[in-house]
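As a basis for the values below, the full set of heavy atoms in this structure was taken, side chains included, without hydrogen atoms, waters or symmetry mates. Lettering of chains follows the sequences in order, A, B, ..., and the numbering in each one begins at 1.
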2 protein chains.
Amino acid sequence: MATERQVKASRGVAGRRPGEPRKPVTMIEVAAAAGVAQSTVSRILNDSPGMIAVSEQTATRVKRIAAELGYRPDPIARALRGAPTMLLGAIVRDITDPFFTGAVEALTIACKARGYSVVLGNARATEDEALAITAVLEARQCDGIVLFGDFTAEHRLVDDLEDLHARIVGLWHGSENEHPFPTVGVNNRSGVRAALDHLAELGHRDIAYVGAESLGDMQDRHAAYVEWMSEHGLPIPDGAIQIVPNYFGGGNHALGPILDRAPRISAVLAATDTLAVGLLHAAHARGVQVPNELSIVGFDDISMAAVTVPSLTTVRMPVVEIVTRGVDLCIGENPWSGVWPPPREEFEPRLIVRGSSAAAVTTQPL
Amino acid sequence: MATERQVKASRGVAGRRPGEPRKPVTMIEVAAAAGVAQSTVSRILNDSPGMIAVSEQTATRVKRIAAELGYRPDPIARALRGAPTMLLGAIVRDITDPFFTGAVEALTIACKARGYSVVLGNARATEDEALAITAVLEARQCDGIVLFGDFTAEHRLVDDLEDLHARIVGLWHGSENEHPFPTVGVNNRSGVRAALDHLAELGHRDIAYVGAESLGDMQDRHAAYVEWMSEHGLPIPDGAIQIVPNYFGGGNHALGPILDRAPRISAVLAATDTLAVGLLHAAHARGVQVPNELSIVGFDDISMAAVTVPSLTTVRMPVVEIVTRGVDLCIGENPWSGVWPPPREEFEPRLIVRGSSAAAVTTQPL
DNA sequence: TTGTACGCGTTATCAT
DNA sequence: ATGATAACGCGTACAA
């Protein structure tokens, strides 16, 4: 009568073939099995706030039967009733970027602490189709949306987002841009200055800069570099500023032009660790010793920065703080109240000195 | 009368203060504004498959009004009607792991191509609370769930998952384990053998192995290493096998014991690139030249493997193929039919020779 | 060609 | 202490 294969820890549903998903059990079925009304089941299973007493008798019986039947509340029906979906959308400019990878990790942790799950939208997968992202995300119902990176250029996306019934927060959205939602970021200027001060203390005067093309933070760091150099009366020779795509390969290709066109350069500030890693690789390939012949300083302190060869001196991004703050602004207890203009909050980065920076040596041996 | 601030591209809803999310517009409101029945709006907006003609007149009018009002279909209500949620759950053993990071990227792309979004579950965030993951994911309604890594130890989670009304697929779930769902993975044995054959061709005979503690693939690679060494009549000296956590730091700490206890070792096979990167770092810190004095081969070909110093010889995991296949098995056109036992599919890895492996030198100088 | 009515699974407000 | 009933927003068979 019973099948040979025993279903382990059977819940009383007999003979279900493993594999195909089980048909969900509804409250009505539980009610029928318990011989009570469906509304009663709802009250019992939800410990209704109405405080209306329920007989211990039926309560335990209903709970038992619900467990036996493997009842699971349907979140969709609950959501239709107005319950929050407990979903937080994350739109990431480039999920390949190791920095954003770390940020997403921090996001999942911050969300989990609040009972939320993360819905991932990768902005890079489809170029102009950034609109499609919205469509994808609109099709879901997220209680909030967190933007990772600068999306000011994606007017269509930002506009669409505003029409969504969800709270929006921008992370690392750049400092210069207008934004109809609160943003949280880092003080790029102070980070860049800390890095350059460090190099100056080591005796470097000929410092190059490798940045990325994207907006927001990249512009801030670029500007801070130019400003600092100017303040210290240091000229920026031709070729000492390279703007490349923010990939490993970008940094890899940036070193050649710098050393060829500005041979006096003794240190390079990279706008991101991703670029710095590429620079490290390029230096090795070119036979340039780091840090003896060339110092390299990154920005972000991504996880691999501690284990590069040599380990990377960099500016640590307070990722956890920024993400946590952003999540709070979005779905926390005191979300943005709607006051205009929306706030921009900035956290302070911190210089981490490792093995890729050392004292400058005079290019002219005596 | 009107506020000073003009709302750009206003949709006809006047005076909405920017910031707070707009109240959603329902079909009923659209119908009321257009002077038709709600069902009519539904038909028009959905190009109903019933082929029932609709007058061009009202159709365009309704569409216009819907657009003006900024109508958005409510995905929750649709889902309640039985429509798929177009959500795919991803449960990742450790989202910090650079390998899984790449896999998730591939997942988002594969999903987007099918109109799906990814809901991220990080298994590492909460230790024993793996159960909570289920709770979190159960609270959502995913059409399918993809497991990244080996979860056979998490019986509770797998059991709970089976109760979910969703299709499940396991990726990199190990070859030895029973699994009540289809799995897709890599041929670890052939990958390891390719790596070791490569080292043998370079003249290496004293080859160490650094593996990780987790299950599944790690066990397969470990066993394949032992098997290969045995087949070639090569002894495995004490200390030549190190099992460490699968982090950069794990590989970093593994090199010391190997070189101290088995000084004849001239090459190390790492079970993952993550470990290999740590080994590279440790070798540099110890002053051991790679590849001149020590060859290191990894496994996975994570993105950074091409830019380490030196670049890493490794076994390339066909990530995209595996993920794509898994997604198809889960939510594709021909998902797993339920035949028992569920299939396990394997893809072939490929050796990528880079700069971290070179010919062995005799330890005894003449 | 369009309107009416029902149900999806819940929760909440009434009655009983 | 519990049962009946009305929403929630949408799709769809059925009636007009």
Side-chain angles (χ1 to χ4, degrees), chain A residues 22-63 65-66 69-86 138-141 143 164-166, chain B residues 22-63 65-66 69-86 138-141 143 164-166:
Chain A
R22 155 190 314 199
K23 181 175 162 295
V25 178
T26 75
M27 248 186 197
I28 297 184
E29 292 168 323
V30 174
V36 297
Q38 176 261 340
S39 59
T40 304
V41 178
S42 175
R43 268 185 300 235
I44 292 174
L45 264 37
N46 292 334
D47 286 342
S48 63
M51 306 313 306
I52 314 177
V54 283
S55 89
E56 204 63 25
Q57 284 248 6
T58 46
T60 51
R61 182 165 50 95
V62 165
K63 283 179 182 172
I65 294 184
L69 261 45
Y71 167 78
R72 307 264 189 156
D74 183 343
I76 294 179
R78 283 184 163 168
L80 190 62
R81 291 285 312 170
T85 58
M86 306 303 279
E138 119 197 282
R140 331 281 161 260
Q141 206 75 341
D143 296 338
L164 239 49
H165 186 64
Chain B
R22 154 191 313 198
K23 181 174 165 293
V25 178
T26 76
M27 248 187 198
I28 298 184
E29 293 168 322
V30 175
V36 297
Q38 171 260 333
S39 61
T40 304
V41 177
S42 174
R43 271 182 299 236
I44 292 174
L45 264 37
N46 293 334
D47 286 343
S48 63
M51 307 309 307
I52 315 177
V54 283
S55 86
E56 203 64 25
Q57 284 249 5
T58 46
T60 51
R61 183 164 49 96
V62 166
K63 284 179 183 173
I65 294 184
L69 263 43
Y71 167 77
R72 307 264 190 158
D74 182 343
I76 294 178
R78 282 184 164 167
L80 191 62
R81 290 282 310 171
T85 60
M86 306 303 279
E138 122 198 278
R140 332 277 162 262
Q141 206 75 343
D143 296 339
L164 237 49
H165 187 63

Worksheet item: Looking only at heavy atoms, what is the nearest atom pair of A:P75 and A:P73, with distance?
Response: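 Distance-wise, the nearest heavy atoms are CD-O, 3.2 Å.
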Discussion item. Which heavy atom of B:A66 sits nearest to which heavy atom of B:L45, and what is that distance?
Written reply: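 In terms of heavy atoms, the two residues are closest at CB-CD2, 4.3 Å.
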Would you kindly give the [atom1]-to-[atom2] distance between [X] and [N], to the nearest whole Å?
X	N	atom1	atom2	result
B:I28	D:dC10	CD1	P	8 Å
B:I76	C:dG9	CD1	C1'	13 Å
B:E56	C:dT2	CD	C1'	16 Å
B:E29	D:dC8	CD	P	10 Å
A:I44	C:dT11	CD1	P	13 Å
B:M27	D:dT12	CE	P	10 Å

Practice prompt. Give B:R78 one of three labels, base, sugar-phosphate or nothing, depending on what nucleic acid heavy atoms sit under 4.0 Å from its own.
Written response: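 If one applies the 4.0 Å heavy-atom cut-off, B:R78 turns out to touch the sugar-phosphate alone, with no base involved.
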Worksheet entry | Residues which pass side chain to side chain donor-acceptor pair (under 3.5 Å) with A:D143, listed by chain and number, not counting sequence neighbours |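 Here the qualifying residues are A:T85, A:Y116.
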Worksheet item: For the side chain of A:R81, counting heavy atoms from C-beta on, which of C:dT10, C:dT2, C:dC8 is nearest?
Response: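 Per side-chain heavy atoms of A:R81, the pick is C:dT10.
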Worksheet entry | Closest listed nucleotide, where the reference is the side chain of B:S42 and the choices are D:dC14, D:dA6, D:dG11 |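 Nucleotide nearest to B:S42's side chain: D:dG11.
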Item to complete: Sort and list the pairs that fulfil salt bridge (Lys or Arg N to Asp or Glu O under 4.0 Å) and have at least one residue in residues 25-39 of chain B, not counting sequence neighbours.
Response: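 Qualifying pairs, neighbours excluded: B:K23-B:E29.
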Item to complete: Name all residues meeting the side-chain contact (heavy atoms from CB on, under 4.5 Å) criterion together with B:A34; count only those two or more places apart in sequence or in a different chain, and write none if there are none.
Response: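 Here the qualifying residues are B:V36, B:R61, B:V62, B:I65.
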Worksheet entry | side-chain contact (heavy atoms from CB on, under 4.5 Å) against B:A37, all qualifying residues, sequence neighbours excluded |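 Only B:S39, B:T40 meet the side-chain contact (heavy atoms from CB on, under 4.5 Å) criterion with B:A37.
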Worksheet item: How many angstroms lie between OG1 in B:T58 and NZ in B:K63, if you round to the nearest 0.5 Å?
Response: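 Between atom OG1 of B:T58 and atom NZ of B:K63 there are 10.0 Å.
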Worksheet entry | B:R78 side, atom CZ; A:L80 side, atom CG - distance, nearest 0.5 Å |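 Rounded to the nearest 0.5 Å, the CZ-CG separation comes to 13.5 Å.
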Worksheet item: In residues 32-41 of chain A, what residues come within less than 4.0 Å of DNA chain C, judged by heavy atoms?
Response: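 By residue number: A:Q38, A:S39.
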Item to complete: State whether the distance check finds a donor on one side and an acceptor on the other, under 3.5 Å, for side chain B:R72 versus base D:dG9.
Response: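 Donor-acceptor pair under 3.5 Å: no.
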Worksheet item: If each of B:T58 and B:L80 is mapped to the nucleotide of DNA chain C with the nearest heavy atom, which maps nearer the 5' terminus, i.e. the 5' end?
Response: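 Its nucleotide being nearer the 5' end, the pick is B:T58.
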Worksheet item: Would you call B:Y71 and B:V41 a side-chain contact if the rule is heavy atoms closer than 4.5 Å?
Response: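 Not in contact.
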Discussion item. OP1 or OP2 of C:dT10 versus the side-chain N and O atoms of A:N46: is any pair under 4.0 Å?
Written reply: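 A:N46 to C:dT10 OP1/OP2: no side-chain N or O under 4.0 Å.
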Worksheet entry | Phosphate OP1/OP2 of C:dT10 contacted by A:T26 side-chain N/O (<4.0 Å) |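 No, outside the criterion.
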Worksheet item: Looking at five pairs on each end of the helix from C:dT1-D:dA16 to C:dT16-D:dA1, what is the angle between the two axes, given to 10 degrees?
Response: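 Axis angle across the helix from C:dT1-D:dA16 to C:dT16-D:dA1, nearest 10°: 50°.
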